[in-house]
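Bear in mind that the values here come from a model prediction, so they are computed numbers and not experimental data. These values consider heavy atoms only, across backbone and side chains, with no hydrogens, waters or symmetry-generated copies.
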Amino acid sequence: MAEDPRDWEIETRAVRGGIARSPYGEISEALFLTQGFAYPSAEAADRRFGGEPGFIYQRFGNPTTAMFEERLALIEGAEMCRATASGMAAVHASLIGLLRAGDHVIAGRALFGSSRWILTNLLPRFGVETTYVDGPDVDAWRVAVRPNTKVLLVESPANPLLEVAPIGAVAEIARAAGAKLIVDNVFATPIFQKPLALGADVVVYSATKHIDGQGRVLGGAILGSEKVIREAYRDILRHTGPAMSPFNAWLLLKGLETLELRVLRQTQTAARIADLIAEHPKSKRVIYPGRKDHPQAAIIANQMTGGGNLIAFDLGDRAAAWRFLDTLQIVDISNNLGDAKSIATHPSTTTHRSMPEAERLEIGLTEGWVRMSVGLEGANDLSRDVSRALDAA
Ligand SMILES: *Cc1c(COP(=O)(O)O)cnc(C)c1O
């Protein structure tokens, strides 16, 4: 009997999933840099446009991009995946595919800045209103439901303070309301959290983060059932043009091969760094999903299988946070995350500076907070770098 990739372990899916070899039998996945495809006859073109499987145009699909989509779907355990040019293209399409003028969205308050911009500034232009709630507060989600609520959107763990929402409970509220739940699963990665299995309808990724994991290209993905992808997203993605470049798909396909290895190692090191920060007298508070003192530790135990590589910690005020950053010698000051290189950022003056102060305070983001993405450097070197910077903070 032929092997079914859906029965494979995650490591096997990551390396072998989705391969479609050309007649040359190449081992490494081929990069098809082609916009168009030739048809053997006019009749064949007619059939292809009529829905026969096959490629038509790069905006609709490409063999390399299709390999990336198939591999990520297998890793996620999703029926279908559509790749996009960036994480924001995925978040945007995931929303507009489900929304019409007059609809209502409920979203966790702590969200990636550009996702908040779409909800706060863009969707109201088209008659879509959003209510923000505290992600972990199940009652707040329930109370916010209106007759016209069509989408619930949550990022968990959320940027930047790693707040965790109970995905299963929020999914039940969505189902009862006849709405769809979209989960931005970037921080957890498909290695540590499976929102679809927890009841979500749609999962979105910025593949720019851990999936590339080597700081090179942008990418994004929308995953869900075949039904939701076909009905809500297929036409929008074809006709509005947020297609992933095949070159990026090729890099990200190779990124998927080592995703699990990288994320597991980063998480091992992050756990050690989080403990080190927690024990240091200069830190007022550390939030790490792998620690027992995380405010939503009970929820994490139910839905995540690892703490991930992101740590948030409070050094009291802006001056201390900046002294910490400016003392680092190995870790870079940058706003990206999930990279092989460790990165630290000061969210209130960078990634979250456009968020009004009142809203920043609502999510607990004061000026002492630093967010760190732990990379693949040696744990001893990183510990020494972070300890020295904490001493100086
Ligand atoms: C980075 C990020 C995005 C946006 O992804 P891009 O690839 O930068 O467009 C969306 N959500 C989260 C949680 C992110 O970290």
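A salt bridge (Lys or Arg N to Asp or Glu O under 4.0 Å) check over residues 292-303, counting only residues at least two apart or in different chains, returns the pairs Arg291-Asp293. Under the salt bridge (Lys or Arg N to Asp or Glu O under 4.0 Å) criterion, no residue pair touches residues 237-253, with sequence neighbours excluded. Listed by first and then second residue, the salt bridge (Lys or Arg N to Asp or Glu O under 4.0 Å) pairs that reach into residues 307-322 are Arg318-Glu367, sequence neighbours excluded.
The backbone N or O of Arg384 sits nowhere less than 3.5 Å from a side-chain atom of Ser387 that would complete a donor-acceptor pair. Between the side chain of Thr84 and the backbone N or O of Ser86, at least one donor-acceptor pair lies under 3.5 Å. Proximity of a side-chain donor or acceptor of Glu377 to a complementary backbone N or O of Ser342 within less than 3.5 Å is detected. The backbone N or O of Ile75 lies less than 3.5 Å from no partner atom in the side chain of Arg13, so there is not a single donor-acceptor pair. A donor-acceptor distance shorter than 3.5 angstrom exists from the side chain of Tyr233 to the backbone of Ser94, with no hydrogens or angles considered. Arg360 places a side-chain N or O within 3.5 Å of a backbone atom of Met355 that can act as its donor or acceptor partner. Between the Glu76 side chain and the Gly224 main chain, no donor and acceptor come within less than 3.5 Å of each other.
In the hydrophobic cluster analysis, where Ile, Leu, Val, Met, Phe, Trp and Tyr join through side-chain heavy atoms closer than 4.5 angstrom, Tyr132 is grouped together with Phe112. Cluster membership check: Leu122 shares its hydrophobic cluster with Leu237, using side-chain heavy-atom separations under 4.5 Å among Ile, Leu, Val, Met, Phe, Trp and Tyr. The cluster map of Ile, Leu, Val, Met, Phe, Trp and Tyr, joined by side-chain heavy atoms under 4.5 Å apart, puts Leu72 and Val15 in different clusters. Note on Ile273 and Leu328: same hydrophobic cluster, where clusters join Ile, Leu, Val, Met, Phe, Trp and Tyr whose side-chain heavy atoms are under 4.5 Å apart, directly or indirectly. Tracing side-chain contacts under 4.5 Å through hydrophobic residues (I, L, V, M, F, W, Y), one reaches Val374 starting from Val286; they form part of the same cluster.
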Could you pull out all donor-acceptor pairs under 3.5 Å where a side-chain atom in residues 332-341 meets a protein atom, sequence neighbours excluded?
residue	atom	partner	partner atom	Å
Asp339	OD1	Lys341	N	2.8
Asp339	OD2	Gly215	N	3.0

Enumerate, atom names and distances included, each donor-acceptor pair closer than 3.5 Å involving a side-chain atom of residues 180-188, sequence neighbours excluded.
residue	atom	partner	partner atom	Å
Asp184	OD1	Val186	N	3.2
Asn185	OD1	Gln193	NE2	2.7
Asn185	ND2	Gln193	O	3.0
Asn185	ND2	Tyr205	OH	2.8

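The six-membered or imidazole ring of Phe313 lies near that of Phe324, with a centre-to-centre distance under 6.0 Å.
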| field | Worked check of side-chain contact (heavy atoms from CB on, under 4.5 Å) between Phe192 and Leu264 | value | CA-CA 9 Å; Phe192 291 141; Leu264 291 181; 3.8 Å; yes
| said: For Thr65 and Phe60: C-alpha separation, side-chain torsions, deciding distance, then whether side-chain contact (heavy atoms from CB on, under 4.5 Å) applies. | reply: CA-CA 10 Å; Thr65 309; Phe60 293 7; over 6 Å; no
| request: Could you go through the side-chain contact (heavy atoms from CB on, under 4.5 Å) check for Leu95 and Leu119 one step at a time? | output: CA-CA 9 Å; Leu95 288 165; Leu119 295 173; 3.9 Å; yes
| request: Given side-chain contact (heavy atoms from CB on, under 4.5 Å), test Thr267 with Ile191 step by step and report yes or no. | output: CA-CA 11 Å; Thr267 298; Ile191 305 305; over 6 Å; no
| said: Checking Arg262 against Thr258 for the side chain to side chain donor-acceptor pair (under 3.5 Å) test, could you report, in this order, the C-alpha distance in whole Å, the side-chain angles of both residues, the deciding distance, and whether it holds? | reply: CA-CA 6 Å; Arg262 286 184 284 104; Thr258 56; 3.0 Å; yes
| task | Go through Glu172 and Arg175 one step at a time and tell me if the salt bridge (Lys or Arg N to Asp or Glu O under 4.0 Å) criterion holds. | result | CA-CA 5 Å; Glu172 264 176 48; Arg175 201 172 314 116; 5.6 Å; no
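Between Trp369 and Ser348, every side-chain heavy-atom pair lies at or beyond the 4.5 Å cut-off. Looking at Glu257 and Glu29, their side chains come closer than 4.5 Å, going by heavy atoms from C-beta outward. Counting heavy atoms from C-beta outward, Asp212 and Leu251 have side chains that stay 4.5 Å or more apart. In this structure the side chain of Thr34 never reaches within 4.5 angstrom of the side chain of Gln58, judged on heavy atoms. Ile96 places a side-chain heavy atom less than 4.5 Å from the side chain of Leu123.
Taken from CD1 in Ile277 to CG in Leu315, the straight-line distance is 8.0 Å, to the nearest 0.5 Å. In this structure, CG on Asn148 lies 10.5 Å from CG on Leu99, to the nearest 0.5 angstrom. Arg71 CZ to Ile211 CD1: the interatomic distance, rounded to the nearest 0.5 Å, is 12.0 Å. Remark: Leu223 CG to Ile229 CD1 distance equals 6.5 Å, nearest 0.5 Å. Put simply, OG1 on Thr345 and CG on Leu325 are 7.0 Å apart, with the number rounded to the nearest 0.5 Å. Taking CE of Met67 as the reference point, atom OG1 of Thr64 lies at 4.5 Å (rounded to 0.5 Å).
Here Arg82 pairs with Glu69 in a salt bridge; the nearest charged N to carboxylate O distance falls below 4.0 Å. Between Arg109 and Glu359, no side-chain nitrogen of the basic residue sits less than 4.0 Å from a carboxylate oxygen of the acidic one, so the salt-bridge criterion is not met. Taking a cutoff of 4.0 Å between a charged side-chain nitrogen and a carboxylate oxygen, Arg272 and Asp275 do not qualify as a salt bridge.
Annotation for Arg16: atom CZ does not count as buried by contact number, only 12 or fewer foreign heavy atoms lying within 6.0 Å. In the displayed structure, Arg47 atom CZ is contacted under 6.0 Å by more than 12 heavy atoms of other residues, nucleotides or ligands. Counting non-hydrogen atoms of neighbouring residues, nucleotides and ligands closer than 6.0 angstrom, the CD atom of Glu52 exceeds 12 such neighbours. By the 6.0 Å contact criterion, CD on Glu362 is enclosed, its count of non-hydrogen atoms from other residues, nucleotides or ligands being greater than 12. Heavy atoms from other residues, nucleotides or ligands lying under 6.0 Å from NZ of Lys254 number more than 12. Taking a 6.0 Å sphere around CD of Glu26, one finds it holds more than 12 heavy atoms contributed by other residues, nucleotides or ligands.
Nearest heavy atom pair, residue Thr208 against residue Gly219, reads OG1-N, 3.1 Å. Pro166 approaches Gly135 most closely through the heavy-atom pair CD-O, 3.6 Å. Taking all atoms of both residues into account, the shortest heavy-atom contact from Leu98 to Val228 is CD2-CG2, 4.5 Å. Ala312 and Pro160 get closest at one heavy-atom pair: CB-O, 3.7 Å. Pairing each heavy atom of Arg48 with each of Ile56, the nearest pair is CG-CG1, 3.6 Å. Among all heavy-atom pairs drawn from Ala144 and Thr131, the shortest one is CB-CG2, 4.1 Å.
Side-chain contact annotation: Asn159 with Arg371, donor-acceptor N/O pair under 3.5 Å present.
Looking at residues two or more places apart in sequence or on another chain, you find a salt bridge (Lys or Arg N to Asp or Glu O under 4.0 Å) between Glu226 and Arg230.
With Asp381 as reference, Ile330 is the one residue of Val331, Thr269, Ile330 to meet the side-chain contact (heavy atoms from CB on, under 4.5 Å) rule.
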